[in-house]
Amino acid sequence: MEALQRPVILILGAGAVGLSLAGKLRGVARVYAACRPVHAGAIRERGLVMEGVWGDGTVDAIACVAGPEEAPSGIDFVIVTAKGTDTRAICEEYAGVIRSRPVASLQNGIGNEEVIACYTDTVIGGTVTTNFSVLGPGHVRVLSESAPMHLGIWSGNDAGILDRLIGVIRSAGIPVEADTDIRSGKWTKALLNIAVNPICALLRAPVRVAADGNVRETVIGLINETFAVADAEGVKLPWATANDYLAHLFSVQVPDFAEVYPSMYYDLRQGRRTEIDLLNGYIARLGERHGIETPHNRCIAGLVRYAEAHPEKS
């Protein structure tokens with residue numbers, strides 16, 4: 001792909017996911033990344049250091065931007081990888097940049113796309129199950145890639161935009177597939193997070209705690225409520241019933257991630273705001289809208305919010 005033909009991509013909220021994506025896409029696109037100053041300084045000084053399944057080495061010529069005034073003209077795609085709690089703030093900050101441009105979300109939780117759609121017409125939802133981490137300033141690791149990235153039109157009707165973005169990502173060597181029902185895909189990915197993230201965070205335990213006899217009933221309640229709300233929302237999940245998913249959760253997902261501590265655990269330990277309102281809190285809000293009782297999700301969300309407001313003293 002000749003330099004003059006390379007698409008221009010702006011990544012907003014570039015942490016582990018966004019910086020890794022920037023490094024991988026740099027070979028096929030002109031990449032600009034809005035990231036924290038500590039990462040920007042390191043990248044400007046010696047490039048982005050990458051290691052893992054997406055390659056080892058230093059990637060040069062990633063342009064770090066400190067605000068919308070430094071964003072380039074002629075942007076082809078905006079990709080939001082910010083934490084869900086920052087979605088509205090970053091969209092507000094870059095409102096003039098993203099207006100009328102296609103914006104893709106590669107974020108955890110449910111509801112980010114609805115926020116982004118307030119600022120632009122064409123929104124692409126996405127899911128990514130690759131294991132990303134930050135090892136230091138301007139230094140990322142891509143540990144594993146368990147499934148292809150999925151992208152689908154959330155709002156707008158320009159399928160050609162989606163095809164072009166998928167083509168760019170695929171040309172960079174990232175496995176990616178189109179999803180005709182990305183809303184279902186986002187809910188499907190969120191199920192595990194709804195079931196285990198807040199419990200692990202509150203109990204200071206890895207994912208295996210979800211199968212403990214003292215905890216299992218709460219997990220079942222969270223998922224039963226989530227399926228009821230999904231049905232009211234018209235979301236079609238891959239499992240016909242909550243019991244079908246629970247069987248998969250306890251026989252496959254919990255064993256596979258048994259020793260993993262989810263990000264919400266680290267958020268609470270480090271005094272950061274969590275994404276609870278894009279997970280259990282979101283289910284509780286939708287349940288109220290539909291007249292569905294969600295006592296388990298409401299309780300768990302309230303406990304996490306309390307823990308956020310009363311951080312541990314070191």
Heavy-atom closest pair, residues [X] and [Y]:
X	Y	value
Asn297	Glu225	ND2-OE1, 2.8 Å
Arg30	Tyr32	NH2-OH, 3.1 Å
Val229	Gly287	CG2-CA, 3.9 Å

Next item on the list: Determine whether Val65 and Leu10 make a side-chain contact, defined as any pair of heavy atoms from C-beta on separated by less than 4.5 Å.
Entry: yes
Notebook entry, point to check: Does any non-hydrogen side-chain atom of Leu12 lie less than 4.5 Å from one of Ile98?
Noted result: yes
Margin query: Under a plain distance cut-off of 3.5 Å, with no hydrogens placed, do Ser155 and Glu113 share a side-chain donor-acceptor pair?
Written below: no
If you count every heavy atom of other residues, nucleotides or ligands that lies below 6.0 Å from [X] atom [atom1], does the total exceed 12?
X	atom1	value
Gln270	CD	yes
Glu177	CD	yes
Glu288	CD	no
Phe250	CZ	yes
Arg305	CZ	yes
Glu69	CD	yes
Asp56	CG	yes

Notebook entry, point to check: Taking the six-membered ring for Trp, are His310 and Tyr306 parallel (under 30°), tilted (30 to 60°) or perpendicular (over 60°)?
Noted result: parallel
Is the backbone N or O of [Y] less than 3.5 Å from a side-chain atom of [X], with the two atoms forming a donor-acceptor pair by type?
X	Y	value
Glu145	Val53	no
Lys186	Gly111	no
Arg141	Leu135	no
Lys189	Val128	yes
Thr120	Ser100	yes
Thr87	Asn112	no
Arg101	Ile75	yes
His39	Gly138	yes
Arg6	Gly27	yes
Arg170	Val176	yes

Got a second to check how far [X]'s [atom1] is from [Y]'s [atom2], nearest 0.5 Å?
X	Y	atom1	atom2	value
Leu246	Trp239	CG	CH2	10.5 Å
Leu106	Thr81	CG	OG1	7.5 Å
Gln253	Leu192	CD	CG	4.5 Å
Leu143	Glu51	CG	CD	9.5 Å
Tyr119	Arg88	OH	CZ	4.5 Å
Trp154	Asp181	CH2	CG	9.0 Å

May I have the list of side-chain donor-acceptor pairs in residues 195-210 shorter than 3.5 Å, sequence neighbours left out?
unit_1	atom_1	unit_2	atom_2	d
Asn197	ND2	Asn193	OD1	3.4
Arg204	NE	Glu312	OE2	3.3
Arg204	NH2	Glu312	OE2	2.7
Arg208	NE	Glu259	OE1	3.3
Arg208	NE	Glu259	OE2	3.1

Note to self: If hydrophobic clusters are built by linking Ile, Leu, Val, Met, Phe, Trp and Tyr wherever their side-chain heavy atoms come under 4.5 Å apart, do Val8 and Ile161 end up in the same one?
What the structure shows: no
Notebook entry, point to check: When hydrophobic residues are tied together by side-chain contacts of less than 4.5 Å, even through go-betweens, does Leu25 share a cluster with Val103?
Noted result: no
Checklist line | Salt-bridge present (Arg273, Asp86; N to O < 4.0 Å) | finding: no
Note to self: Does this structure show an ion pair linking Asp267 with Lys83, if we count only N-O contacts that are shorter than 4.0 Å?
What the structure shows: yes
